[in-house]
Amino acid sequence: MQKIANFIRDTQNSLAARVKITALKRPIKLVAGADASCYGNNIIGSACLFTYPSLDKLDKIDESIVIQETDFPYIPGFLSFREAPALIGAIKGLRHMPDAIIVDGQGIAHPRRIGLASHIGVLLDTVTLGAAKSRLIGTYEEPGMEKGSRSPLFDSAECIGVVLRSRTGVRPLFVSPGHLIDIDGAVDMVLSCLSRYRLPEPVRCAHNAASAARQQREAILLGPPSE
DNA sequence: GCGACAG
DNA sequence: ATCTTGTCGC
């Protein structure tokens, strides 16, 4: 029983040992956003592919959705075991593999430096970065209110990411490298993927697609409307 | 023991 | 994540 918890943690630690934080080695031409939605014990994984750099006109060139059942509950620090399979499935469903993936969740800004983005990066051997809507761990100073303002996220003396104001006046994003990229590279990518919303466009797109799919599934389960 | 705690 | 209407502000 408790042995299972140890196994899960050992698995996480061995994956953490494979995470590489380094400057980008190759230019990024295709970026994907990945997110999940859920209903009951089902996880809907979604991935949206965009050209990059998507300077002014964002070009969405593909979208993928997968639905998987799971029995793994949401446990802070172990989100990967619940959502990674569906997200990876969605990524693999894309017509082309992305050069980088922006994940709705943490990268190395995690107790064992293996958040959802890092976990997926290692398993897929792809560049990944996390853009989370809230904090899991770390201390920071509130960044300025203007879009682009940022402040470092620390775990003790180690900088594990950046708290970034993606849009003036909104709650900041928690950006951290996932795999095969560094903090500056992760922030640069998030900034160049922003349009007029709080979330990077690829992630926002994946989020919308996932929740739309969830609503459709629920409608089917409930059957046609009756009066 | 108490509080924190991605989605 | 999800349950949810109106409402304040740019």
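Hydrogens, waters and symmetry mates are skipped; everything else that's a heavy atom, side chains included, is used. Lettering follows sequence order; numbering is per chain, from 1.
By the 4.0 Å N-to-carboxylate-O rule, A/Lys29 lies too far from A/Asp99 to be salt-bridged with it. The pair A/Arg204-A/Asp35 does not count as a salt bridge, with every side-chain nitrogen at least 4.0 angstrom from each carboxylate oxygen. Taking 4.0 Å as the cut-off between side-chain N and carboxylate O, A/Arg165 and A/Glu142 count as a salt-bridged pair.
Within the 4.0 Å cut-off from OP1 or OP2 of B/dA6, not a single side-chain nitrogen or oxygen of A/Lys133 is found. An OP1 or OP2 oxygen of C/dT2 is reached within less than 4.0 angstrom by a side-chain nitrogen or oxygen of A/Ser37. One finds a side-chain N or O of A/Ser134 lying less than 4.0 angstrom from the OP1 or OP2 phosphate oxygen of B/dG7. Between A/Tyr74 and the phosphate of B/dA6, there is a side-chain N or O to OP1/OP2 separation shorter than 4.0 Å.
Counting to the nearest Å, the P atom of C/dG9 and the CZ atom of A/Arg167 are 16 Å from each other. Between the CG atom of A/Asp35 and the P atom of B/dG7 there is a distance of 9 Å, given to the nearest Å. Note: CD (A/Gln215) to P (C/dC3) measures 8 Å, nearest angstrom. Protein atom CZ of A/Phe81 is 14 Å distant from nucleotide atom C1' of B/dA6, rounded to whole Å. Atom CZ in A/Arg214 sits about 8 Å away from atom C1' in C/dA1, given to the nearest Å. Between A/Ile43 atom CD1 and B/dA6 atom C1' the separation is 13 Å, expressed in whole Å. Between A/Ile137 atom CD1 and B/dC5 atom P the separation is 12 Å, expressed in whole Å. Distance A/Asn41 CG to C/dA1 P: 18 Å, rounded to the nearest Å.
Note on A/Gly130: nothing from the nucleic acid sits closer than 4.0 angstrom, heavy atoms only. Residue A/Phe78 is classed as a base contact, given a heavy-atom separation below 4.0 Å to a base. A/His207 comes within 4.0 angstrom of sugar-phosphate atoms only, judged by non-hydrogen atoms across all strands, and of no base. Base engagement by A/Gln106 is indicated by at least one non-hydrogen atom pair under 4.0 Å involving a base atom.
Listed nucleotides: B/dG7, B/dC5, C/dA1. Nearest to the side chain of A/Arg135: B/dC5. In this structure, the nucleotide among B/dG7, C/dC3, B/dA6 sitting nearest to the side chain of A/His110 is B/dA6. Candidate nucleotides C/dC3, C/dA1, B/dA6 were compared by shortest atom distance to the side chain of A/Cys38, and C/dA1 ranks first. The listed nucleotides are B/dG7, C/dT2, B/dA6; the one nearest the side chain of A/Pro76 is B/dA6.
Residue A/Thr128 forms a side-chain contact (heavy atoms from CB on, under 4.5 Å) with just one option from A/Ile181, A/Ile102, A/Ile101, and that option is A/Ile101.
Geometric assessment of A/Arg82 against the ring of A/Phe72 yields a negative cation-pi assignment under the 6.0 Å and 45° thresholds.
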